[in-house]
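Position 1 is the first residue of the sequence, and the numbers go up from there.
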Amino acid sequence: MRRRFSTLLLLAVPLTPLAGQSPQDRLALDRFQDSLDAAHDTTVLRSQYRDLTHRRPADPASDLRGALTALRLTALGADPSASDARGRLQRVTSRRPDWPYAWHALAVAEMRRAEWERADRLALGNRVGIGALERSIEHEHRALTADSSFIPAALALAALTLDLHDTAFVRSARDALRRADRAQAADHAHTQTPVDLLLARGRLERAAGATDSAAAVFARAAGSDAGPLVSLAALELARTRLAAGAPGGDSAYFADAATDDEVVIATFRADLAPIATPSELARFDAAHGADRAAEVRRFWGDRDQAELRRGGERLREHYRRLLYARARFPLTVSRRFYGARDAYRSGSEELDDRGIIYVRHGEPASRLKPFVFGLMPNETWRYERADGDLLFHFSAGYDDAGGGDLYDYRLVESVLDLHGAGGASVDQLLLSREALSPLYGRMLHWGPNGAARARGRERGIGRASIDFGTATDSYELQYAQALTAHADLVAVGTRGGLPLAHFVFGVGPAGTTPTAGPGGWAYPVRVRLVALDRADHPVARADTTIVFELDRPLGTGQYLIGRVELPMPPGTWAWRAAVEQGAEAGAVLPRDTVRVAAAGPALSLSDLVLGVREASARWVAAPGDTVRLTPFEMFLEGHEVELYYEAAEAAAGAAYAHAIAVYRVRGTPGRVDERPVVALAFEEPAFGDVIRSHRTLQLRRLKPGRYVVEVRVTGADGRVESRRRGFRLIRAPS
């Protein structure tokens with residue numbers, strides 16, 4: 001990796017008053033610098049350099065002019081290492097440490113030196129050029145010590161510090177810019193502080209964690225009379241408020257997205273890039289003005305709805321994560337070498353792999369940083385997710401298998417791939433992760449075959465977690481207490497001309513908190529539900545609360561069973577849901593899919609609805625026609641199960657053949673028997689354009705296990721529509 005640092009050759013700006021220099025001297029330096037910027041003939045410049053540096057007696061002013069000439073030669077490629085400029089400027093600063101201009105020029109020379117070092121492919125190491133940049137930061141501090149109001153040094157110090165990503169330099173740089181801000185106010189009491197200085201100070205305040213101070217500084221910059229940086233200041237203010245969770249950030253943020261300022265647009269894009277898909281970035285790039293603002297609003301709004309959250313939550317969380325990751329997982333190397341055990345190559349020049357995962361998925365449920373003798377620094381993060389936990393292993397350092405650095409944490413597939421694992425105790429290595437998964441105990445204690453299978457399983461989890469975690473982002477709801485919840489989404493019926501889906505759920509007593517009242521006990525249950533297309537854009541959603549009123553508190557084995565209707569367009573959709581009881585208890589349900597039959601001239605079959613009298617919600621499909629829906633896929637052996645389905649677009653009076661069969665499922669992942677264990681066939685005419693069919697499945701003779709019920713409806717034209725649904729039979733308690 002080759003790090004790109006901001007080019008900060010600021011010597012051509014008009015000089016502010018410098019200690020130890022007269023106004024005439026400063027004007028002469030300005031004119032001299034202008035002449036250097038216009039010069040491109042290195043032969044003439046070399047001659048001028050010799051004349052200036054060989055004068056006798058030597059004086060600091062001549063040395064400074066000679067050093068500036070040498071810097072111009074460096075910029076033109078004649079002295080890429082900046083050796084002459086560095087040597088001359090070190091001599092000037094030793095003789096005149098009160099000249100901030102000389103210190104600033106020395107800092108620029110060190111930056112040129114860093115570029116030269118990084119360009120040398122034979123230079124070994126992961127921190128090539130970092131030492132020169134650290135010296136450059138030190139020289140800018142010396143420039144501001146000599147004159148705290150010297151703006152070029154203040155701007156360069158801020159940019160260097162933020163580009164270096166080393167938090168050890170942030171607070172001292174922040175303090176230096178605070179002094180520069182005060183010095184500007186004191187020296188120019190009747191004029192505004194330059195916006196670029198306020199922007200630089202605000203960014204350092206934010207990087208140091210002082211978001212309130214950063215917001216105040218950005219507000220001053222945004223309130224400036226005019227200037228091309230005011231729009232950028234307004235965006236920085238909005239970003240800071242969002243990161244702090246303060247009000248007022250959302251509306252200003254979206255308003256700023258409509259600007260045509262190229263710097264503001266680039267900042268927006270850089271913020272979206274860590275989590276956006278290529279297609280989302282392409283849409284952002286193609287949009288302009290108000291359309292771009294609408295695209296950004298849709299980007300964050302879709303994520304809020306997909307994560308079942310209120311509007312603006314995902315946006316604020318993103319900026320909180322960015323601020324946190326930049327402070328705790330910065331990438332402080334200038335090169336990244338990869339090896340065989342590096343399972344992921346982010347391409348980031350700002351964050352190590354921990355930061356990449358943190359920005360995408362936030363705070364893990366558990367984070368281990370164990371010490372194992374012989375092992376390089378490492379961490380393991382676990383995210384608890386409704387669709388399956390994610391497990392990430394990060395390794396710093398290096399070994400014989402590949403590149404790395406102590407300042408660069410990389411993703412690896414398995415704990416056995418951590419740097420230094422080959423020389424560490426396997427027992428201690430696996431025991432250090434045993435709290436995360438029983439797999440590590442199996443890898444350690446099972447026999448050769450079992451341990452090998454466990455190792456393969458552990459590596460597969462690591463690979464799958466990396467593949468999923470580095471290509472998606474999430475902000476899943478979390479609850480202090482977990483509810484026992486079961487649910488299903490069944491597409492059957494219509495409402496208002498649209499197909500209807502029924503979210504039927506059951507909540508057990510564990511974790512619930514009833515409210516006592518004069519009529520008994522009340523259980524308010526909030527349901528959040530969203531249906532998504534393949535790109536995770538919401539197509540339908542519901543957010544409602546159902547209050548259950550009981551004579552006595554919910555007992556063991558009892559469930560609160562409810563139903564929420566959701567009109568949906570035809571198609572196959574993914575769906576996500578969460579149920580909450582009280583402020584602290586809830587459950588996010590695993591993602592699933594639902595197929596909503598399309599309305600049209602051809603016969604279409606709805607989902608299959610299963611229900612039992614003891615544990616079902618009721619739905620009136622038509623006057624006098626009540627349907628039972630259960631959230632469970634398990635039924636007690638020996639019980640009768642009610643089956644309901646609808647066939648739409650039927651021809652009134654035409655005969656339709658119905659075939660119902662139940663098949664046993666064997667093995668894992670599951671093989672359906674060819675012959676049914678229960679079969680039923682009948683023919684009946686349609687009495688309207690919708691056939692509503694009720695049947696009772698007699699399952700008394702079936703053994704406990706997994707089954708599939710299939711319904712096939714054949715029209716007079718021979719067209720066949722079929723649907724399947726799985727369920728389980730379990731033994732009744734004795």
_Could you tell me if the side chain of R239 sits less than 4.5 Å from the side chain of F218, heavy atoms only?_
no
*Indicate yes or no: at least one non-hydrogen side-chain atom of Y383 is less than 4.5 angstrom from one of D389.*
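No, their side chains stay 4.5 Å or more apart.
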If I compare all heavy atoms of [X] with all of [Y], which pair ends up nearest, and what's the gap?
X    : Y    : value
L603 : A647 : CD1-CB, 4.0 Å
T211 : A244 : OG1-CB, 3.8 Å
A686 : Y656 : CB-CE1, 3.8 Å
R712 : S722 : CG-CB, 3.8 Å
L605 : E721 : CD2-O, 3.7 Å
L629 : V627 : CD1-O, 3.8 Å

Under a 3.5 Å distance rule, please check whether [X] uses its side chain to pair with a backbone N or O of [Y] as donor and acceptor.
X    : Y    : result
T277 : E280 : yes
R671 : R666 : no
E646 : G493 : yes
D689 : A650 : no
Q581 : Y523 : no

State whether [X] and [Y] are salt-bridged, where the test is any N-O pair (Lys NZ or Arg NE/NH1/NH2 against Asp/Glu carboxylate O) under 4.0 Å.
X    : Y    : value
R354 : E379 : yes
R303 : E313 : no
E236 : R241 : no
D607 : R723 : yes
E295 : R292 : no
E307 : R576 : yes

*Step through the shown structure and confirm whether more than 12 heavy atoms of other residues, nucleotides or ligands are within 6.0 Å of CZ on R367.*
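Correct, the count exceeds 12.
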*Over 12 foreign heavy atoms within 6.0 Å of CZ, F468*: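 Check fails, neighbour count at 12 or below.
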*Anything under 30° is parallel, anything over 60° is perpendicular, the rest tilted; go ahead and classify H393 against Y440.*
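Ring orientation of H393 relative to Y440: perpendicular.
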*Report the C-alpha separation of Y645 and S693 in whole Å, then their side-chain angles, then the decisive distance to 0.1 Å, and conclude whether the side-chain hydrogen bond (donor to acceptor under 3.5 Å, both in side chains) test is met.*
CA-CA 6 Å; Y645 57 90; S693 182; 3.3 Å; yes
_Rounded to the nearest 0.5 Å, what separates atom CG in L636 from atom CG in L699?_
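Between atom CG of L636 and atom CG of L699 there are 11.5 Å.
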*Gap separating the OG atom of S437 from the CZ atom of R442, nearest 0.5 angstrom*: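 Taking OG in S437 and CZ in R442, the distance rounds to 7.0 Å.
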Contacts under 3.5 angstrom, residues 539-551 side chains, donor-acceptor by atom type, not counting sequence neighbours:
from : atom 1 : to   : atom 2 : distance (Å)
R541 : NE     : Q305 : OE1    : 3.3
D543 : OD1    : R526 : NE     : 3.0
D543 : OD2    : R526 : NH2    : 2.7

*What pairs meet the salt bridge (charged side-chain N to carboxylate O under 4.0 Å, His left out) rule with one or both residues in residues 581-601, with sequence neighbours excluded?*
D536-R591
*Regarding E317 and Y319, is there a side-chain donor-to-acceptor distance under 3.5 Å anywhere?*
no
*May I ask you to check whether R385 and S474 show a side-chain donor-acceptor distance below 3.5 Å?*
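A pair is found: one side chain offers a donor N or O, the other an acceptor, under 3.5 Å apart.
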*How far apart are the C-alpha atoms of F268 and Y253, what are their side-chain angles, what is the distance that settles it, and do they pass the ring-ring contact (aromatic ring centres under 6.0 Å, His included) test?*
CA-CA 9 Å; F268 263 100; Y253 174 85; 4.8 Å; yes
Using atom types as modelled, flag every donor-acceptor pair under 3.5 Å from a side chain in residues 610-625 to any protein atom, sequence neighbours excluded.
from : atom 1 : to   : atom 2 : distance (Å)
S616 : OG     : V612 : N      : 3.0
S616 : OG     : V612 : O      : 2.8
D625 : OD1    : H694 : NE2    : 2.5

_Check: Y707 ring centroid to Y663 ring centroid under 6.0 Å_ = no
*Is the centre of the Y559 ring less than 6.0 Å from the centre of the F632 ring?*
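Centroid separation for Y559 and F632: below 6.0 Å.
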*Go through the steps for F329 and W381 under the test ring-ring contact (aromatic ring centres under 6.0 Å, His included), then give the verdict.*
CA-CA 14 Å; F329 311 123; W381 294 4; 5.6 Å; yes
*Looking at F254, does the NZ or CZ of R297 lie under 6.0 angstrom from its six-membered ring centre and within 45 degrees of the ring axis?*
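The answer is yes, since R297 meets both limits relative to F254.
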